[in-house]
Protein chains: 2
Amino acid sequence: MSSEITIGTLARSAGVGVETVRYYQRRGLLPTAGTKKGAFRVYGDPELARLRFIRRAQALGFKLDEIASLLALDEETDRESARALARTKIADVEERIRQLQSVHSALQELVSCCEHTEAPAPCPILRTLGGEAD
Amino acid sequence: MSSEITIGTLARSAGVGVETVRYYQRRGLLPTAGTKKGAFRVYGDPELARLRFIRRAQALGFKLDEIASLLALDEETDRESARALARTKIADVEERIRQLQSVHSALQELVSCCEHTEAPAPCPILRTLGGEAD
DNA sequence: GTTGACTCCGTACTTTGGTACAGGGTCTAG
DNA sequence: CTAGACCCTGTACCAAAGTACGGAGTCAAC
């Protein structure tokens, strides 16, 4: 990896667009100030690593604000903080899964009911949504 | 239920705000034209029922555009369409649950790894996000 | 009549994570 | 030198589902 790449190359190396990198810079997640080569800003391994960190953290469900907190942590001294953030995210994910499972069950019931009745009985899905079911 | 309620009462009866009702009206989900009592629009059971339909459908994970489709269906003649929409939503929910379960597993591994190592070893969560883990 | 709650209309704003311009400048291969 | 790709800056826009005004008018109890 060359140590002096411009923003387009940096973005492509992390699988994002230039606009996204600029957005992260505006959000303070990536540095704006730095080395320049003429009028163009150039970036190196540290910036690429940081950008990839952001993407990996997003893939794990962290939001940008949460990622900012993770980025502020130090590998050597902040084990507890990192673990706490991860645990919080786990709890969020578990709660969301529960909600979705509840929704799933309700939907399944409606479809199953629909499959066990026939026209000319009215649609149980629509009747339930309409508040007409029993 | 009085057959001539104003928008505030309608909204409260369905547990939403006036602005939300107006928003649904703008979106075409609820009627704008209708009976007036002086300068104020008044609503009745059909409008309240429709508003509750929207909320129930949202609770089942349908988006407003999808709800518009549901609202356009007829209980007597559109059983298949309703069932198809519900099935699609079920598939969406199942996919989302899978994604979240994958995220959950990855997070659990990281936290577990963190729990089985101690300082002064650097934080495995941050190392993994940083791309430094093996 | 007065006043306060409410309604109407139209426009703007919020959240989150982008994405797209416009206008002007820079860089580099040919 | 030229031309095209790219960079920079700042502003606007998008999706989805609301929410909040401002300004003006209405309604009903007192």
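First the proteins, then the strands, lettered A, B, ... as listed; each starts at 1. Below, all heavy atoms of this structure are taken into account, side chains as well, without hydrogens, waters or symmetry copies. This one's a predicted model, so the numbers in the text were calculated from it and none came from an experiment.
- Computed from coordinates, the A:L30 CG to C:dG18 C1' distance equals 14 Å when rounded to whole Å.
- When the nearest nucleotides of DNA chain C are assigned to B:G8 and A:G17 by heavy-atom distance, the more 5′-ward of the two goes with B:G8.
- Using a 4.5 Å heavy-atom cutoff, the side chains of B:L64 and B:Q58 are in contact.
- In terms of modelled atom types and a separation under 3.5 Å, the side chain of B:D74 and the main chain of B:T77 share a donor-acceptor contact.
- With A:E47 contributing its side chain and A:G44 its backbone, the two residues share a donor-acceptor pair below 3.5 Å.
- For the pair B:R79 (side chain) and A:T117 (backbone), a donor-acceptor distance under 3.5 Å is present.
- Comparing B:R12 and A:Y24 against DNA chain C, the residue whose closest nucleotide sits nearer the 5' end is B:R12.
- For the pair B:R41 CZ and D:dG25 C1', the interatomic distance rounds to 14 Å; values are reported in whole Å.
- For B:Q101, the CD atom is densely surrounded, since the number of other residues' heavy atoms within 6.0 Å is greater than 12.
- Listed by residue number, the members of residues 61-71 of chain A with any heavy atom below 4.0 angstrom from DNA chain C are A:K63, A:L64.
- Side-chain atoms of B:L60 and B:K89, non-hydrogen and from C-beta on, never get closer than 4.5 Å to each other.
- Taking B:E115 as the reference, A:R87 meet the salt bridge (charged side-chain N to carboxylate O under 4.0 Å, His left out) condition, with sequence neighbours excluded.
- Side-chain nitrogen and oxygen atoms of B:R55 include at least one within less than 4.0 Å of the OP1 or OP2 phosphate oxygen of D:dG18.
- The separation between A:I54 atom CD1 and C:dT16 atom C1' is 15 Å, rounded to whole Å.
- Side-chain atoms of A:Y43 and A:I7, non-hydrogen and from C-beta on, do get closer than 4.5 Å to each other.
- OP1 or OP2 of C:dT7 sits under 4.0 Å from a side-chain N or O of B:T6.
- The side chain of B:Y23 lies closest to D:dG18 when the candidates are C:dC8, D:dG18, C:dG18.
- Distance A:R27 CZ to D:dG10 P: 19 Å, rounded to the nearest Å.
- A:Q58 has a side-chain polar atom (N or O) that falls below the 4.0 Å cut-off from OP1 or OP2 of C:dG18.
- Contact check for B:Y23 versus B:L29: no side-chain heavy atoms found under the 4.5 Å cut-off.
- Whole-Å rounding puts the B:L51 CG to D:dG18 P distance at 11 Å.
- Every residue two or more places apart in sequence or in another chain that forms a salt bridge (charged side-chain N to carboxylate O under 4.0 Å, His left out) with A:E80 is listed here: A:R83.
- Note on B:T20: every side-chain N or O is 4.0 Å or more away from OP1 and OP2 of D:dA17.
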Could I get a table of every N or O pair under 3.5 Å where one atom is in the protein and the other is in nucleotides 10-12 of chain C?
none

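- Scanning for salt bridge (charged side-chain N to carboxylate O under 4.0 Å, His left out) contacts around B:R22 gives an empty result, with sequence neighbours left out.
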Check nucleotides 26-28 of chain D against the protein and report each pair of N or O atoms closer than 3.5 Å, with its distance, or say if there are none.
{"residue": "D:dC27", "atom": "OP1", "partner": "B:K37", "partner atom": "O", "Å": "3.3"}
{"residue": "D:dC27", "atom": "OP1", "partner": "B:A39", "partner atom": "N", "Å": "2.9"}
{"residue": "D:dA28", "atom": "OP1", "partner": "B:K37", "partner atom": "NZ", "Å": "3.4"}

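- The interatomic distance linking A:Q25 (CD) with C:dG18 (C1') rounds to 14 Å, in whole Å.
- Closest of all the heavy-atom pairs between A:G61 and A:E66 is O-OE1, 4.1 Å.
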